[in-house]
Amino acid sequence: FDTERPEVTINPETERVELPGITQHEVTNTEQFMDLFNKGEKNRVTRATLMNPTSSRGHAALIVHVRMEPDDLEASTKIGKLVLVDLAGYERFSQTGISAGVALEEAKK
């Protein structure tokens, strides 16, 4: 995945957004989920601003598909989807206190 030139596309057959390099993992318990969540959290880049001490410097998304298959074969399988998105630096620029350097260049993107 080239972070400088991400190739976001929409597959015309499935009408789904595709982003090369994104990973998908199957987990079966909370510990496995939290291990992956923490790995993603460590890769986030943040910078303090006047409005937010941990302002994101890059977009992040976590999509969780949940599937519950009951032991009772008569019961139906339940499925769900949770989408969490963190949009980078989504605060009013004029109130952040950023005036120069890398942070200013990031804010212009």
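These numbers come from a predicted model, not from an experiment.
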message: For Lys78, give me all partners under side-chain contact (heavy atoms from CB on, under 4.5 Å), at least two apart in sequence or on another chain.
response: Met68, Ser76
message: Applying side-chain contact (heavy atoms from CB on, under 4.5 Å), can you list everything that pairs with Asn38, at least two apart in sequence or on another chain?
response: Met34
message: Tell me every residue that passes salt bridge (Lys or Arg N to Asp or Glu O under 4.0 Å) with Glu18, counting only those two or more places apart in sequence or in another chain.
response: none
query: Does a sphere of radius 6.0 Å around CG in Leu82 hold more than 12 heavy atoms from other residues, nucleotides or ligands, not counting ones at 6.0 Å or beyond?
result: yes
task: Count the heavy atoms of every other residue, nucleotide or ligand shown that sit under 6.0 Å from CG of Leu84, and state whether that count exceeds 12.
output: yes
- line: Sequence neighbours excluded, the answer for side chain to side chain donor-acceptor pair (under 3.5 Å) partners of Thr28 is Gln32
Side chain to side chain donor-acceptor pair (under 3.5 Å) involving Lys81 - partner list, sequence neighbours excluded: none
query: Which pairs, with at least one residue in residues 63-73 and sequence neighbours excluded, count as a salt bridge (Lys or Arg N to Asp or Glu O under 4.0 Å)?
result: Arg67-Glu69
Shared hydrophobic cluster for Ile79 and Val83 (ILVMFWY, side-chain gaps under 4.5 Å): no
- request: Look at the side-chain heavy atoms of Ile, Leu, Val, Met, Phe, Trp and Tyr, link any pair under 4.5 Å apart, and say whether Val85 and Phe37 land in one connected group.
  value: no
- prompt: What's the shortest heavy-atom distance between Phe33 and Val64, and which atoms?
  reply: CE1-CG2, 3.8 Å
- line: Here the gap from Thr9 atom OG1 to Arg16 atom CZ, rounded to the nearest 0.5 Å, amounts to 13.0 Å
- prompt: From Leu36 CG over to Thr23 OG1, what is the distance, rounded to the nearest 0.5 angstrom?
  reply: 7.5 Å
